[in-house]
Protein chains: 2
Amino acid sequence: MRGTDHRSRITRLLIRRALTELLRQKPLQSITVKELCEVAGINRGTFYAHYIDLYALREEMEGEMLQDFQQALSPLLEEEQPDERTPLKITAGIFQCLKDNAEVCTMTLGPYGDKAFAAKLINIGREKCVDSYRRYFTNASRKQLEYYYAFVSAGCIGLLEKWLSEGMTSSAEEVAEIAQGIMMSGVGFLGQAKGAERSGDREDA
Amino acid sequence: MRGTDHRSRITRLLIRRALTELLRQKPLQSITVKELCEVAGINRGTFYAHYIDLYALREEMEGEMLQDFQQALSPLLEEEQPDERTPLKITAGIFQCLKDNAEVCTMTLGPYGDKAFAAKLINIGREKCVDSYRRYFTNASRKQLEYYYAFVSAGCIGLLEKWLSEGMTSSAEEVAEIAQGIMMSGVGFLGQAKGAERSGDREDA
DNA sequence: AAGGATAAACAACAGGGTGTTCATTTTTAG
DNA sequence: CTAAAAATGAACACCCTGTTGTTTATCCTT
């Protein structure tokens with residue numbers, strides 16, 4: 001990588017914006033360096049002065065998103081104020097962080113996103129969550145805990161994709177409540193089933 | 001596509017096997033026609049005699065998997081024997097079908113799989129499921145139903161990926177029970193939480 | 001079994017993207 | 001203002017692509 005020159009920073013910004021733009025339309029593998037440089041309005045040689053290839057570029061951007069993500073999460077996961085961090089607040093914090101990084105989310109988790117990155121995201125939370133489950137559900141088998149995590153982590157990303165596809169019009173809290181509700185109660189989240197109906201108090205609009 | 005000649009069928013078999021083989025190692029976009037032909041042991045020109053490009057090849061294979069899938073599902077979804085098709089049996093049938101098509105599943109849903117195909121799979125069940133939900137959960141909003149489906153369909157695919165990564169050692173029924181359990185009860189699937197413990201009857205080994 | 005038809009193998013081609021190098025111009029920083 | 005750093009444009013050999021034309025092998029029919 002080149003230095004912290006004013007021009008260097010601008011060039012890298014142009015490159016990143018071009019990639020974000022192009023990843024809205026097609027997968028990385030269908031994007032050529034030449035194409036990206038035309039969109040960015042820079043010389044092709046200049047690209048190679050900054051990055052080895054398109055994959056290195058995406059990796060850098062994903063890495064920064066990952067840092068943001070972990071940083072935004074750390075206060076929520078700290079041991080110091082266990083009274084403050086209710087499950088819902090943690091979930092809401094996660095979705096808020098995702099909303100703040102909407103562009104990168106689209107890039108990495110949208111239709112032309114990077115499956116490997118999604119897997120990485122999931123893995124970050126895995127141990128912590130499974131350990132946490134294990135403390136509360138002492139009778140569940142390790143296998144059950146792992147499968148539960150596999151399901152709900154993928155489910156959350158599916159939810160996020162849906163949210164993205166709708167332009168993230170709902171608030172982070174709202175989506176977090178949905179995720180929370182499903183993870184906690186399954187279909188129970190949808191309210192009383194027909195036939196077992198009662199004077200319903202539910203949480204929809 | 002060429003005719004049904006004996007040689008043609010063998011050639012196509014070789015091509016398909018080569019693609020399946022290569023997709024274990026890298027995404028389609030990183031595979032060249034040249035490479036595939038070397039693996040398949042055929043001439044590069046011969047490939048173009050059968051397929052337009054690698055994407056057409058994959059599409060054909062995915063299409064066949066999709067047909068298998070819908071065919072395996074149709075008896076489960078028919079209206080004729082509604083007493084036979086309990087939710088668990090349907091779910092088990094789905095996972096059994098996925099297990100029968102393990103190779104294609106790895107190809108399309110594994111680490112180097114095709115996000116678009118997963119999305120297509122999800123969309124197939126969407127309307128049917130949401131309509132079905134709507135009948136049972138008359139008080140839930142459309143948005144809740146859609147978000148619930150987005151979550152659990154993605155969750156099921158996440159579960160499938162986990163299952164695949166473990167070589168599908170568990171039975172289809174077992175995985176179906178897990179999926180069913182989570183979808184129905186959320187964390188409740190994991191048994192009684194600590195603090196609210198009672199003489200537990202759970203379903204693990 | 002012979003012969004016409006079909007498909008595969010082979011070779012050659014232009015076209016386009018890659019990654020690198022070099023000389024040149026522009027911009028930044030001291 | 002000057003020297004260093006960065007961007008540019010052009011050129012390059014390389015590899016993959018997709019196509020075409022020719023030759024060889026295999027098939028199906030008679």
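Order of the sequence lines fixes the chain letters, A, B, ..., with proteins taken first and strands second; residue numbering starts at 1 for each chain.
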remark   = Hits for side-chain contact (heavy atoms from CB on, under 4.5 Å) against A:Ile122, two or more places apart or cross-chain, chain-then-number order -> A:Tyr149, A:Ser153, A:Ile157
Out of [options], whichever nucleotide has its closest atom nearest the side chain of [X]:
X	options	value
A:Asp5	C:dA9, D:dC16, C:dT28	C:dT28
B:Thr11	C:dA8, D:dA5, D:dG18	C:dA8
B:Arg44	C:dG19, D:dT8, D:dT19	D:dT19
A:Arg7	C:dA9, D:dA6, D:dT17	D:dA6

query = Relative to the ring of B:Phe151, is the ring of A:Phe151 parallel (under 30°), tilted (30 to 60°) or perpendicular (over 60°)?
reply = tilted
message = Angle between ring planes, A:Phe47 versus A:Tyr51, binned at 30° and 60°: parallel, tilted or perpendicular?
response = tilted
ask   = When all nucleic acid strands are considered with a 4.0 Å heavy-atom cut-off, which category describes A:Ser8: base, sugar-phosphate, or nothing?
value = sugar-phosphate
task = Select base, sugar-phosphate, or nothing to describe what B:Ile52 touches, counting heavy atoms under 4.0 Å on all strands.
result = nothing
Within this structure, what is the [atom1]-to-[atom2] distance between [X] and [N], rounded to whole angstrom?
X	N	atom1	atom2	value
A:Phe47	C:dG17	CZ	C1'	13 Å
B:Tyr51	C:dA8	OH	C1'	15 Å
B:Ile31	D:dT17	CD1	C1'	16 Å
B:Glu38	C:dC10	CD	P	13 Å
B:Leu28	D:dC16	CG	C1'	15 Å
B:Leu57	D:dG18	CG	C1'	16 Å
B:Gln29	C:dG17	CD	C1'	17 Å
A:His6	C:dG30	NE2	C1'	17 Å

task = Would you please test B:Arg126 and B:Glu146 for salt bridge (charged side-chain N to carboxylate O under 4.0 Å, His left out) and show each step?
result = CA-CA 8 Å; B:Arg126 203 173 54 83; B:Glu146 289 280 356; 3.3 Å; yes
[X] side-chain N/O to [N] phosphate OP1/OP2 under 4.0 Å:
X	N	result
A:Asn43	D:dG9	yes
A:Thr46	D:dT8	yes
A:Tyr48	C:dT20	no
A:His50	D:dA7	yes

remark   = DNA chain C nearest-nucleotide lookup for A:Lys34 and A:Gly45: closer to the 5′ end is A:Lys34
query = Do other residues, nucleotides or ligands put more than 12 heavy atoms under 6.0 Å from the CZ atom of A:Arg17?
reply = no
